[in-house]
Amino acid sequence: MRISCLQLNPQNDVNENLKITLNNIAEAAKQGAETIVLPEMFTYMGDESLRVQTKSKLHEGIFAQIQTAAKEYKVNIVAGSHSEEIPNNSKKVYNTCVTYNKNGEVLSTYRKKHLFNLHDKNGNPLYCESDSYEIGENPKSYQLNTSEGIWNAFNIICYDLRFPEIIRSALKQDNFFDIIFVTAAFVWQTGKDHWEVLLRARAIENQCFVVACNQTGSFLNGQKKNYGNSMIIDPWGKIIARMNEETGIMTADIYKSSIDESRTRLPALKDRKIF
C-alpha cells in the first residue's frame with residue numbers, strides 16, 4: 001500500500017488551512033497514494049478559547065469537504081481530527097478523527113479519549129485541552145480495503161500515544177492490528193524527547209505498522225510550536241520514512257508481508273498472557 005502523510009503547519013485561518021490541506025491531498029493522490037493521513041486539528045491552530053468556533057457537525061462542514069475529496073480522488077483518508085459540534089453543548093467540542101474510504105464512505109469515527117494538559121515546572125497550565133474538548137470514547141478497529149488486501153486498522157490521536165492500554169484493551173485473540181494511525185499535534189517540548197521512542201514502542205509491542213502524522217512549526221504568533229517528524233515505522237520498529245520539521249508530503253510503500261515476517265520471527269503477540 002502506498003501511503004502519504006501530510007505534515008502541515010495550520011494557523012488560525014480555517015479556510016486557508018483547509019485549502020492547503022485539499023491541495024496537498026490532490027498532490028499526494030497524484031503521486032499514487034492509496035491512503036492519505038492528515039495531522040490532528042489540521043483545520044485550526046490558534047487561541048484555545050476560539051477552538052469551539054471552528055466546529056462542524058459530523059458529516060457536515062469540514063468533515064463533508066474531506067469526505068468529498070476522498071471520493072473525488074479515490075483515496076482512503078484518515079482525516080487527522082477536527083472540532084466536532086456536540087449537540088446542546090456550546091462550550092466544548094469533540095476532537096474527532098474520521099476515516100473515509102475511496103468511495104467517501106465512513107469507516108471509522110473516533111473522538112479523542114485522552115486530553116492533553118501540559119504544565120510548566122511550577123505547575124502552571126500551559127496548554128489544557130480539557131478547557132475546550134469533551135472526553136471521547138474508546139477507539140475501535142476497522143477494515144481498510146487496499147490493492148494489497150484488507151488491513152485491520154486502528155486510530156489514536158496524539159496524547160493517546162502515551163497510554164498503550166488504549167490499544168491493548170482493544171486487541172482480541174488472534175485478531176491483531178496490521179496498522180495503527182497516530183494523528184497528532186505533538187508539541188516540540190515533549191516531542192524532542194518522547195515522540196520517536198513512544199512510536200517505535202507501539203510498533204514493536206503490537207508488531208504492526210505505525211503511521212504517525214504530526215503537525216509542525218510554530219503557531220499563535222510564534223508562542224507555541226509543534227515537533228513535526230512524521231514517520232512510518234515497520235513491525236520490527238524500524239523507521240522506514242521520516243520527515244524533519246518541514247511542511248510537505250511523506251510517501252512510502254508498505255507491505256503486509258512485513259507483519260507476517262515479524263510475527264513469525266518473534267511470536268510475542270501469541271505468547272501474550274492476559275492478566
**Q.** Atom of Gln143, atom of Leu107 and distance for their closest heavy-atom approach
**A.** O-CD1, 3.9 Å
(Q) Treating Arg242 as the side-chain partner and Asn229 as the backbone partner, does any N or O pair qualify as donor plus acceptor under 3.5 Å? (A) no
Q) Under 6.0 Å between the ring centres of Phe186 and Tyr227? A) no
Q. Step by step, would you call Ile3 with Glu34 a side-chain contact (heavy atoms from CB on, under 4.5 Å)?
A. CA-CA 6 Å; Ile3 192 161; Glu34 190 171 4; over 6 Å; no
Q.
Closer than 3.5 angstrom, by distance alone: can the side chain of Lys273 be matched with the main-chain N or O of Asp271 as a donor-acceptor pair?
A. yes
Q.
With side chain to side chain donor-acceptor pair (under 3.5 Å) as the rule and sequence neighbours excluded, what pairs involving residues 54-66 come up?
A. Ser56-His82
Q. Are Ile77 and Val98 in one and the same hydrophobic cluster, where Ile, Leu, Val, Met, Phe, Trp and Tyr link if side-chain heavy atoms are under 4.5 Å apart?
A. yes
Q | Intermediate values then yes/no, side-chain contact (heavy atoms from CB on, under 4.5 Å), Phe63 and Thr109 | A | CA-CA 11 Å; Phe63 294 110; Thr109 301; over 6 Å; no
Q. Does CG in Asn122 sit with more than 12 non-hydrogen atoms of other residues, nucleotides or ligands closer than 6.0 Å?
A. yes
**Q.** CG/Leu220: more than 12 non-hydrogen atoms of other groups inside 6.0 Å
**A.** yes
Q. Stepwise, does the salt bridge (Lys or Arg N to Asp or Glu O under 4.0 Å) test hold for Lys225 with Glu245?
A. CA-CA 10 Å; Lys225 183 179 180 182; Glu245 295 184 45; 3.5 Å; yes
Q: Look only at the side chain of Asp178 and the backbone of Asn152, and say whether a donor-acceptor pair between them is shorter than 3.5 Å.
A: yes
Side-chain polar contacts of residues 231-238 - donor-acceptor pairs under 3.5 angstrom, sequence neighbours left out - could you list them?
{"from": "Asp234", "atom 1": "OD1", "to": "Trp236", "atom 2": "N", "distance (Å)": "2.9"}
{"from": "Asp234", "atom 1": "OD1", "to": "Gly237", "atom 2": "N", "distance (Å)": "3.1"}
{"from": "Asp234", "atom 1": "OD1", "to": "Lys238", "atom 2": "N", "distance (Å)": "2.9"}

Q) Do Tyr133 side-chain atoms and Gly136 backbone N/O form a donor-acceptor pair below 3.5 Å? A) no
Q.
I'd like to know if the side chain of Gln11 reaches the main chain of Tyr44, judged simply by a donor and an acceptor atom lying under 3.5 Å from each other, with no hydrogens or angles considered.
A. no
(Q) For residues Val93 and Phe116: do they belong to one hydrophobic cluster (side chain heavy atoms under 4.5 Å, members Ile, Leu, Val, Met, Phe, Trp, Tyr)? (A) yes
Q.
Donor-acceptor pair, distance only, cut-off 3.5 Å: does the side chain of Thr247 make one with the backbone of Asn9?
A. no
Q | Hydrophobic cluster identity match, Ile180 and Ile157, side-chain contacts under 4.5 Å | A | yes
Q) Does some side-chain heavy atom of Leu58 sit less than 4.5 Å from a side-chain heavy atom of Val106? A) no
Q: Provide the closest heavy-atom pair for Ile166 versus Tyr110 in the form atom of the first, atom of the second, distance.
A: CD1-OH, 3.7 Å
Q. Is the closest side-chain donor-acceptor distance between Trp195 and Thr190 under 3.5 Å?
A. no
**Q.** Any pair counted as salt bridge (Lys or Arg N to Asp or Glu O under 4.0 Å), so long as it reaches residues 73-93, sequence neighbours left out
**A.** Glu84-Arg111
Q. Can Asn103 and Lys71 be counted as having a side-chain donor-acceptor contact under 3.5 angstrom?
A. no
Q: Return yes if some donor-acceptor pair links the side-chain N/O of Asn17 with the main-chain N/O of Thr43 below 3.5 Å, else return no.
A: yes
Q | Considering all heavy atoms, the nearest Ala241-Ala252 contact | A | CB-CB, 4.0 Å
(Q) Quiz question: by atom type and distance under 3.5 Å, do the side chains of Thr251 and Ser4 form a donor-acceptor pair? (A) yes
**Q.** Distance-minimising heavy-atom pair for Met250 and Ser230
**A.** SD-O, 3.6 Å
Q | Exercise: identify the closest heavy-atom pair between Leu6 and Pro39 | A | O-CD, 3.1 Å
(Q) Do Ile156 and Leu199 sit in one hydrophobic cluster, given that two such residues count as connected whenever their side-chain heavy atoms are within less than 4.5 Å of each other, even indirectly? (A) yes
Q. Ignoring hydrogens and geometry, is there a side-chain-to-backbone donor-acceptor pair from Arg202 to Leu161 under 3.5 Å?
A. yes
**Q.** Asn95 versus Glu40, closest heavy-atom pair with distance
**A.** ND2-OE2, 2.8 Å
(Q) As an exercise, state the distance from CZ of Phe209 to CD1 of Ile259, rounded to the nearest 0.5 Å. (A) 5.5 Å
(Q) Whether the Asn155 and Tyr142 side chains hold a donor-acceptor pair (N or O, under 3.5 Å, no angle test) is what I'd like checked. (A) yes
Q: Without swapping roles, check the side chain of Ser262 against the backbone of Ser258 for a donor-acceptor pair under 3.5 Å.
A: no
(Q) So that I can tick it off, tell me whether Lys112 and Glu129 are bridged by a salt bridge, with the cut-off set at under 4.0 angstrom between side-chain N and carboxylate O. (A) yes
Q) Taking NZ, NE, NH1 and NH2 as the nitrogens, is one of them in Glu205 or Arg168 under 4.0 Å from a carboxylate oxygen of the other? A) no
Q) Between Tyr100 and Ile62, is there a shared hydrophobic cluster once you connect ILVMFWY residues whose side-chain heavy atoms come closer than 4.5 Å? A) yes
Q: Examine distances only and state if a side-chain atom of Asn244 and a backbone atom of Glu246 form a donor-acceptor pair shorter than 3.5 Å.
A: no
Q: Starting from the C-alpha separation in whole Å, work towards a yes-or-no answer on side-chain contact (heavy atoms from CB on, under 4.5 Å) for Asn76 and Thr99.
A: CA-CA 7 Å; Asn76 302 308; Thr99 300; 5.6 Å; no
